[in-house]
Number of protein chains: 2
Amino acid sequence: MNTLTSRQKEIFDFIKSKISNEGYPPTRMEISNFFGFKSPNAAEDHLKALKKKGFIDILSGTSRGISLSNSDDSIPVIGLVSAGSPMLAEENIEKKIPALPISSHGIDYYLRVKGDSMIDVGIFDNDLIAVNKDLKVKKNAIVIARIDDDVTVKTLKEISNNKVVLKAENDNYNDIIVNPNKVSLNFEGTCVGLIRNIS
Amino acid sequence: MNTLTSRQKEIFDFIKSKISNEGYPPTRMEISNFFGFKSPNAAEDHLKALKKKGFIDILSGTSRGISLSNSDDSIPVIGLVSAGSPMLAEENIEKKIPALPISSHGIDYYLRVKGDSMIDVGIFDNDLIAVNKDLKVKKNAIVIARIDDDVTVKTLKEISNNKVVLKAENDNYNDIIVNPNKVSLNFEGTCVGLIRNIS
DNA sequence: ATTCATACTGTAATTATATACAGTAATTTA
DNA sequence: TAAATTACTGTATATAATTACAGTATGAAT
């Protein structure tokens with residue numbers, strides 16, 4: 001099976017979320033509306049690409065005739081991340097739980113938040129954030145960044161070749177300003193949802 | 001919930017099998033063809049009966065817009081609450097989604113939060129809070145209260161025979177202090193979790 | 001006794017949907 | 001460096017699908 005481009009993965013994730021949220025797959029129009037396409041043919045082309053790569057099946061002449069080729073809805077919860085290990089390394093996986101039933105984006109893993117650096121945007125200590133690892137990181141998005149083996153959740157305020165500004169959403173913390181040429185900086189994903197257990 | 005006739009159960013089972021085999025619900029025509037109906041209206045009538053008895057939901061104007069009401073997706077999401085209507089009245093139900101995968105308490109419904117009166121405890125506009133309606137309301141818990149038909153989410157700070165204090169977790173709002181003997185006050189439940197979709 | 005629910009047939013209109021064809025432009029691959 | 005892939009806009013059309021209205025017939029409930 002071929003690999004998907006990041007855009008194709010977004011489309012694929014949207015289809016999955018529609019199926020799990022509404023109970024049926026989207027139409028070309030619904031895909032186009034969600035992504036802002038001006039023509040349903042943009043969605044049609046994406047569906048053909050997904051079919052060609054073996055991720056979906058399309059039944060022709062059938063409304064919403066999209067079916068997933070293989071589905072697996074068991075998503076890992078990442079607790080503390082060991083220095084140097086990849087996010088999804090087995091040693092970091094706390095347990096597995098189903099997908100958030102409401103996110104319009106795909107969820108690759110949940111990350112347990114440590115600390116209060118993001119309380120101003122309602123992300124508290126011990127919350128679980130849902131992370132998509134393939135979405136292109138965008139300004140003002142809440143991102144999961146790894147700086148020299150240290151994993152942190154912050155708002156991305158500025159990104160250029162030699163300067164990246166990560167903002168803590170809490171006045172008691174300073175912005176993190178790094179030069180990606182001088183320190184090791186990787187984006188592990190974008191925050192697309194949140195789960196909190198209140199006891 | 002009413003009981004189904006044997007014919008209605010056959011229709012319902014066919015819908016379930018279609019969803020699990022094909023990945024999407026059937027059309028009226030597909031139902032009619034399977035059962036040998038000569039008119040799609042026969043299927044339409046059955047669907048209306050199933051809806052009336054609460055076994056399915058139908059999204060009007062939507063092809064294959066049938067969703068099962070009592071699968072795993074059994075927890076209702078409450079949007080705006082119409083004045084005077086019970087929380088779980090059909091008119092208030094936005095959709096149904098599965099239980100939060102991590103909550104330690106039972107979840108009776110999700111309530112969509114309107115406004116920013118609870119931002120200091122990380123509950124934001126448009127968040128979904130998970131509500132347990134049978135837990136005994138306790139001091140310092142986040143409760144869902146109905147005061148004269150007005151549903152509100154606040155922290156319960158004080159509760160006695162003639163005085164109840166509900167605190168907004170936002171300095172721009174004042175506490176709500178009511179005498180339960182003088183106004184109609186009901187506790188609709190306790191907040192036991194939170195889901196947020198970040199797009 | 002009569003209304004109501006069940007279980008359909010038959011027709012038809014409106015809208016929802018799939019999907020082809022003709023393009024443009026940027027990026028990737030051979 | 002040409003060809004293919006990706007990622008769309010724009011237009012158009014046949015057909016898929018929902019769903020209303022008008023009936024018929026039977027049995028169960030008020």
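The analysis underlying the following values was restricted to heavy atoms, covering all of them including side chains, and did not include hydrogens, waters or symmetry mates. The chains referred to below are lettered A, B, ... by the order of the sequence lines, with proteins before strands, and numbering in each begins at 1.
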Checklist entry - Heavy-atom count around A:Asn161 CG within 6.0 Å, excluding the residue itself: above 12? => result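 12 or below, so no.
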
Next on the checklist: Around atom CG of A:Asn162, are there more than 12 heavy atoms from other residues, nucleotides or ligands closer than 6.0 Å?
Outcome noted: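 Atom CG in A:Asn162 is crowded, with more than 12 foreign heavy atoms closer than 6.0 Å.
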
Item to check | Residues B:Arg64 and B:Glu30 bridged, charged N to O under 4.0 Å | outcome: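 Salt bridge: yes.
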
Item to check | Steps toward side chain to side chain contact (heavy atoms under 4.5 Å, CB included) verdict (A:Ile15, A:Leu47) | outcome: CA-CA 10 Å; A:Ile15 294 168; A:Leu47 292 179; 3.7 Å; yes

Checklist entry - To the nearest 10 degrees, how far apart in direction are the end axes of the helix from C:dT3-D:dA28 to C:dA30-D:dT1, each fit to five base pairs? => result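 The angle, to the nearest 10 degrees, is 40°.
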
Show each protein N/O and nucleotides 24-30 of chain C N/O combination with a separation under 3.5 Å, one pair to a line.
none

Side-chain heavy-atom pair [X], [Y] within 4.5 angstrom cut-off:
X	Y	result
A:Ser69	A:Asp57	yes
B:Leu128	B:Leu111	no
B:Thr190	B:Val131	no

Checklist entry - Closer than 4.0 Å, any side-chain N/O of B:Gln8 to the OP1 or OP2 of C:dA7? => result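 Yes, within the criterion.
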
Checklist entry - Counting just side-chain N and O atoms, does B:His46 come under 4.0 Å of either OP1 or OP2 of C:dC8? => result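 Looking at the OP1 and OP2 atoms of C:dC8, one of them is under 4.0 Å from a side-chain N or O of B:His46.
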
Once rounded to the nearest 0.5 Å, what's the spacing between atom [atom1] of [X] and atom [atom2] of [Y]?
X	Y	atom1	atom2	answer
A:Leu185	A:Ile176	CG	CD1	10.0 Å
B:Ile142	B:Ile144	CD1	CD1	8.5 Å
B:Ile147	B:Thr152	CD1	OG1	6.5 Å

Item to check | Residue pairs passing the side-chain hydrogen bond (donor to acceptor under 3.5 Å, both in side chains) test where at least one lies in residues 165-177 of chain A, sequence neighbours excluded | outcome: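 For residues 165-177 of chain A: A:Asp116-A:Tyr173, A:Thr155-A:Glu169, A:Lys167-A:Glu169, A:Asn170-A:Asn172.
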
Donor-acceptor list for residues 192-199 of chain B side chains, cut-off 3.5 Å, not counting sequence neighbours:
{"residue": "B:Arg196", "atom": "NE", "partner": "B:Asp127", "partner atom": "OD1", "Å": "2.9"}
{"residue": "B:Arg196", "atom": "NE", "partner": "B:Asp127", "partner atom": "OD2", "Å": "3.2"}
{"residue": "B:Arg196", "atom": "NH1", "partner": "A:Val121", "partner atom": "O", "Å": "3.0"}
{"residue": "B:Arg196", "atom": "NH1", "partner": "A:Gly122", "partner atom": "O", "Å": "3.2"}
{"residue": "B:Arg196", "atom": "NH2", "partner": "A:Gly122", "partner atom": "O", "Å": "3.3"}
{"residue": "B:Arg196", "atom": "NH2", "partner": "B:Gly122", "partner atom": "O", "Å": "2.9"}
{"residue": "B:Arg196", "atom": "NH2", "partner": "B:Asp127", "partner atom": "OD2", "Å": "3.0"}
{"residue": "B:Asn197", "atom": "ND2", "partner": "A:Ile102", "partner atom": "O", "Å": "3.4"}
{"residue": "B:Asn197", "atom": "ND2", "partner": "A:Ser104", "partner atom": "OG", "Å": "3.4"}

Next on the checklist: Rounding to an integer number of Å, can you tell me how far B:Phe35 CZ sits from C:dC8 P?
Outcome noted: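 So the two atoms are 9 Å apart, to the nearest Å.
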
Next on the checklist: Using a 4.0 Å cut-off to any heavy atom of chain A, which nucleotides of DNA chain D are the first and last in contact, reading 5' to 3'?
Outcome noted: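 Span of nucleotides near chain A: D:dT6 to D:dA17.
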
Next on the checklist: Can you confirm whether or not the ring centre of B:Phe12 sits under 6.0 Å from the ring centre of B:Phe55?
Outcome noted: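 Judged by ring-centre distance (under 6.0 Å), B:Phe12 and B:Phe55 do meet the cut-off.
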
Item to check | 5′-ward residue of the pair A:Ser6/B:Asp45 relative to DNA chain D | outcome: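 Between the two, 5'-proximity favours A:Ser6.
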
Distances for protein N/O vs nucleotides 18-20 of chain C N/O pairs under 3.5 angstrom?
{"residue": "C:dA18", "atom": "OP1", "partner": "A:Arg28", "partner atom": "NH1", "Å": "3.3"}
{"residue": "C:dA18", "atom": "OP1", "partner": "A:Arg64", "partner atom": "N", "Å": "2.6"}
{"residue": "C:dA18", "atom": "OP2", "partner": "A:Arg28", "partner atom": "N", "Å": "3.0"}
{"residue": "C:dA18", "atom": "O3'", "partner": "A:Gly61", "partner atom": "N", "Å": "3.3"}
{"residue": "C:dT19", "atom": "OP1", "partner": "A:Gly61", "partner atom": "N", "Å": "2.4"}
{"residue": "C:dT19", "atom": "OP2", "partner": "A:Arg28", "partner atom": "NH2", "Å": "2.9"}
{"residue": "C:dA20", "atom": "OP2", "partner": "A:Lys48", "partner atom": "NZ", "Å": "3.0"}

